[in-house]
Amino acid sequence: MLLFMLFMAALGSAASLISPVPADPTESLPEAPVASDPGPTPAERTGFACGATYEETYAYLRAAAAACRHIHVAACGYTTEGRPIPVAFVWKSGGPGGAWEDGAEKPVVLITGAIHSGESCGTDALLLLLRDIARGLEPDITAHLRLVLVPIFNADGHVRRSPYNRYTQVGPECGFGRRRNALNLDLNRDFAKLETPECQAVVLLASQFRPHIYMDLHTDDGIGHQYDLLYQASVNPTFPGDRARFVEQRLAPHLARAMEQAQFRCRPIVSPRDRQDPSRGFVGYGLQTRLSTGYFETRQAISILTEAYPYITYERRVRATDAFVRATLACAVTNRSELRDVVEQARAEAERWALEPGRHPIGLGCKADTAGVVTGEWLGKKFTLRTSPITGQQYALYSAEDTTYTVPFRERLKPRVSVPMPRGYLLGPEWGHVARKLKDHCIGVTQLSAPFETEVEAYHIESATFAAQPYQGHHPIEELQGHWTTERRTFAPGSWWVPLDQPGGLTAMHLLEPESSDALLVWNAFDTIFETGIVLEQWALEERLTHMLAVPEFRARYEAALADSALARNPRQRLLQMLQWTPHAQEDYLLYPAFRSSRVPPAQRGQ
């Protein structure tokens, strides 16, 4: 109850935009009964020829809230263009005035739709769910769970409807939104750098409700197959706790049975090893912090991605997604105590691990483990290989004819890289913009109020390759090489301390460890460390370093460095690296400024 009130207060005027929702969440709408019919959803009214527009979605959310006191509607933030992002809260309410029950023991499920607004089946599936909740047809959900539903994540993309926004998709006939937001950014690549107001709003929402399950609803872009829906519910194998067992023994079998009973074909998502030849087998879908499900995995929610098949009818995509969502919720209801406990215990154990620095390796993202092979069936489509007259390259053209392949599957995941979990990180006072970014992630940081001398681990960058073409408005680092040293350093008052014994501790590791594929370093937050402050005349530098090559120790170091292919390819970087071996070295050049620490600073001031 307190979290809900704080959240509504933080929204300020956002909730008032969604008339007639009362400002006080403890006050139910006078006319809202326990259950009544809000009418058919916008998609149902058109026979699924059209998906719900942004305006129709908001109107239907209001209708559902007016029909049922267990549904409450607000805005969780604003888009780049200032549109409110709709959110529906669902849990049982009752008593005088329809007061909200506390629900503290109920698991929380956060579901987002239309993060890619061309993939709108999630929006219409969530409206079907709300319709039946309002009608009183899902009493177990309202009694035993707390739902936080964001049916249109990318509202600015949603209003840019066109039948041409997706190249390969059946329906809806009236068109659909576009993949990216108003700034042409893919919101499902923004969760690490967290630059868009849409992702910032959902991260804030999630930090306040701390979901036990997170679901992100999509439509696939992939190869031809016979499945109505593919899904991912992967768990990082290096994280503490027993969530993987819950997924394997509770969730996956329940989903398989429920989807079969609903007459939808469904299986865990995989990627072909060779897109031109599915008979070579499939590998597991990895985890990246930039993606919504990879991000919420670092928050240790059971994170689920769904991908409905784009070449079935729009109605079937919506109904398959709806059936999958309800199957997941039914599993959560049946196993609600175990679900709550397994997630909460995993989170508590992660915080305890931080109190034992250096003892627990943490995998930063996951990729397919190609060593573990299991032979199985893939319900695919027949295809022919064609050679393009435009590019000269081959591509697979899938037919409508079904076929079954018996192929090797490598679905198990392994860490991309593993690093020891420190007690926390120290950054100098000059890195306030990084501290603010961590706060956007709802990660607690404090500042030192006195000098702090301690032994730290420091990462020294040897080479870095930046993307030549812009991606997500950045030129991220694609290749990084470096080494760790143990050093004694003194941190001035105002330096930043990022402890890992907190709810966002694992997320902080993925953002601050330099070898993480989605570190803030990768997303250019520390780019000034790659620049030298010394004015260098080419002739003077060449002359000085050439003379120094006469020194045997210097030459040996130079020749050893040439074994680094990045330095061998880049003459300028070679000169700058050699300069660092001279008395003119710039101390902080290529020194990554987030230092691992096993000690807590004794004197700190507020977060």
Side-chain angles (χ1 to χ4, degrees), residues 115-116 118-122 164-172 176 179 186 188-189 216-234 252 255-256 259-260 264-288 291-294 304-321 324 366-370 372-413:
I115 193 171
H116 295 151
E119 306 167 24
S120 55
C121 58
Y164 306 109
N165 278 331
R166 279 172 63 83
Y167 205 72
T168 51
Q169 178 171 292
V170 176
F176 30 83
R179 180 182 182 91
D186 187 334
N188 204 29
R189 303 296 183 272
D216 193 14
L217 312 178
H218 289 253
T219 301
D220 196 10
D221 300 305
I223 65 174
H225 57 70
Q226 301 173 46
Y227 301 98
D228 296 292
L229 184 143
L230 303 176
Y231 76 94
Q232 180 190 35
S234 300
L255 291 174
M259 292 299 281
E260 184 179 10
F264 292 107
R265 283 179 168 168
C266 172
R267 67 150 286 137
I269 191 169
V270 287
S271 299
R273 295 193 72 192
D274 181 350
R275 298 192 74 83
Q276 315 307 332
D277 184 5
S279 66
R280 292 194 60 199
F282 296 83
V283 297
Y285 195 69
L287 292 169
Q288 292 181 284
L291 306 180
S292 63
T293 46
I304 304 171
L305 166 71
T306 70
E307 296 278 4
Y309 190 53
Y311 307 121
I312 55 179
T313 66
Y314 184 62
E315 179 175 1
R316 188 161 180 85
R317 284 206 304 278
V318 172
R319 295 202 182 278
T321 303
F324 187 92
C366 290
K367 61 182 179 180
D369 184 353
T370 56
V373 181
V374 176
T375 300
E377 289 188 344
W378 173 257
L379 304 181
K381 299 284 186 179
K382 289 189 175 181
F383 69 96
T384 56
L385 284 178
R386 294 194 175 182
T387 301
S388 167
I390 300 171
T391 65
Q393 297 177 329
Q394 284 193 322
Y395 61 93
L397 182 66
Y398 288 89
S399 72
E401 187 176 353
D402 295 343
T403 190
T404 299
Y405 299 96
T406 301
V407 296
F409 287 87
R410 297 167 173 85
E411 299 186 65
R412 191 172 61 191
L413 298 183

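These numbers come from a predicted model, not from an experiment.
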Partners of [X] by side chain to side chain contact (heavy atoms under 4.5 Å, CB included), sequence neighbours excluded?
X	value
E260	none
S234	Q232, L287, L413
N165	S162, F176, R178
A308	C121, R317, T321

Starting at [atom1] of [X], measure out to [atom2] of [Y] and round the result to the nearest 0.5 Å.
X	Y	atom1	atom2	answer
N188	S292	CG	OG	4.0 Å
H218	L230	NE2	CG	13.0 Å
R189	L291	CZ	CG	5.0 Å
D228	Y311	CG	OH	15.0 Å
Q394	T384	CD	OG1	10.5 Å
E307	L217	CD	CG	10.0 Å

Is the backbone of [Y] close enough, under 3.5 Å, to the side chain of [X] for a donor and an acceptor to pair up by distance?
X	Y	result
Y314	S120	yes
R410	T370	yes
Q276	A396	yes
S399	K382	yes

[Y] side chain reached by [X] side chain, heavy atoms, under 4.5 Å:
X	Y	value
P310	R166	yes
C266	L255	no
P268	Y231	yes
L379	R267	no
Y227	D220	no
E411	F282	no
F383	Y395	no

Which atom names give the shortest non-hydrogen contact between [X] and [Y], and what distance separates them?
X	Y	result
S279	Y405	CB-CD2, 4.2 Å
A233	I304	CB-CG1, 4.1 Å
V283	A368	CB-CB, 3.7 Å

Worksheet item: Partners of Q226 by side chain to side chain donor-acceptor pair (under 3.5 Å), sequence neighbours excluded?
Response: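 Q226 satisfies side chain to side chain donor-acceptor pair (under 3.5 Å) with R265 once adjacent residues are dropped.
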
Discussion item. Which residues pass the salt bridge (charged side-chain N to carboxylate O under 4.0 Å, His left out) test with R179, not counting sequence neighbours?
Written reply: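 R179 satisfies salt bridge (charged side-chain N to carboxylate O under 4.0 Å, His left out) with E119, D186, D221 only.
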
Discussion item. Surrounding OH of Y309 (heavy atoms of other residues, nucleotides or ligands, distance under 6.0 Å), is the total greater than 12?
Written reply: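 Yes, the 6.0 Å shell around OH holds more than 12 heavy atoms from other groups.
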
Discussion item. Would you call the rings of W378 and H225 parallel, tilted or perpendicular, taking 30° and 60° as the class edges?
Written reply: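 Rings of W378 and H225: perpendicular, as their planes differ by over 60°.
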
